[in-house]
Amino acid sequence: MTHSTHSLNLLLLPTIALLFLLLLLSPAQATPHRKRRGLAKQFMGPQNAARSILRMRPLVWDPKLARYARWYANQRRYDCALKHSNGPYGENIFWGSGSGWTAAEAAVAWVGERKYYDHGSNTCAGGEQCGHYTQIVWKETRRVGCARVNCYGGKGVFMTCNYDPPGNYIGERPY
């Protein structure tokens, strides 16, 4: 390295360090909007991967469905009960003990039910659930919105996704 290149690198070092610190300390990275967008990507990634395997259109994040999901998740914040909202949308719910569960882990658990779904008979394997999976891959479903809350008193994590149009109609195949 020549003397002039070495001097130039030494001059750039404080500038690069300052830019790094500004990016690191930027308040924009912690905004609720960015957190929600990251949560949306975690929920949607595994679900859209499952749809892609079947050559289906990806689900699109819907703010109205996300508001509904947040509203309902906040209802469950007090008891963390694994109860459906019985609202107008298709719905997947998840509960996990502790506080470390991620949105991606919930979505992966739902998609993981694929192994229990028999498309030929349009049924779940005996004693197993597969309705979360079939809701995700329901051919008419286009939009999704989800939410995650830590329940009070260390009761765990509750997550929900709502789907429109809903699916899982008895006697109908998801795809």
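Quantities reported herein were computed from a predicted structural model and do not represent experimental measurements.
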Measure from the side-chain N and O atoms of [X] to the backbone N and O of [Y], and report whether any donor-acceptor pair falls under 3.5 Å.
X	Y	answer
Glu113	Ala109	no
Gln75	Trp71	yes
Thr160	Ala147	no
Trp95	Lys155	yes
Arg77	Tyr72	no
Arg173	His119	yes
Arg51	Ile136	yes
Thr102	Glu105	yes

With the 4.5 Å side-chain cut-off for hydrophobic clustering, are [X] and [Y] part of the same group?
X	Y	answer
Trp138	Tyr89	no
Val111	Leu59	yes
Leu65	Phe94	no

Taking the side chain as everything from C-beta on, heavy atoms only, tell me whether [X] gets closer than 4.5 Å to [Y].
X	Y	value
Asp62	Val144	no
Met44	Lys41	no
Arg142	Val60	no

- Task: Determine, step by step, whether Met159 and Val157 satisfy the side chain to side chain contact (heavy atoms under 4.5 Å, CB included) criterion, reporting the C-alpha distance in whole Å, the side-chain angles of both residues, the deciding distance to 0.1 Å, and the verdict.
- Result: CA-CA 7 Å; Met159 293 184 250; Val157 175; 3.7 Å; yes
- Task: Would you please classify the geometry between the His132 ring and the Trp110 ring as parallel, tilted or perpendicular, with 30° and 60° separating the classes?
- Result: parallel
Nearest non-hydrogen partners of [X] and [Y], listed with the distance:
X	Y	answer
Pro88	Tyr68	CD-OH, 4.0 Å
Ala104	Pro46	O-CG, 4.0 Å
Ala103	Leu39	CB-CD1, 3.6 Å

In Å, rounded to the nearest 0.5 Å, how long is the span from [atom1] of [X] to [atom2] of [Y]?
X	Y	atom1	atom2	result
Trp61	Arg143	CH2	CZ	14.0 Å
Thr123	Asp118	OG1	CG	5.0 Å
Thr134	Tyr116	OG1	OH	14.5 Å
Met56	Gln47	CE	CD	12.0 Å
Ser85	Ile93	OG	CD1	8.5 Å
Asp79	Lys83	CG	NZ	6.0 Å

- Are a donor atom and an acceptor atom from the side chains of Asn92 and Gln135 found within less than 3.5 Å of each other? no
- Asn122 and Tyr117 side chains, donor-acceptor separation under 3.5 Å: yes
- Query: Do other residues, nucleotides or ligands put more than 12 heavy atoms under 6.0 Å from Tyr175 OH?
  - Reply: yes
- Over 12 non-hydrogen atoms of neighbours within 6.0 angstrom of CZ in Arg57: no
- Pair listing, disulfide bond (SG atoms under 2.5 Å apart) test, anchored in residues 62-128, at least two apart: Cys80-Cys151, Cys124-Cys130
- Task: Report the C-alpha distance between Thr141 and Asp164 in whole Å, list the side-chain angles of each, state the deciding distance to 0.1 Å, and finish with yes or no for side chain to side chain contact (heavy atoms under 4.5 Å, CB included).
- Result: CA-CA 5 Å; Thr141 299; Asp164 191 49; over 6 Å; no
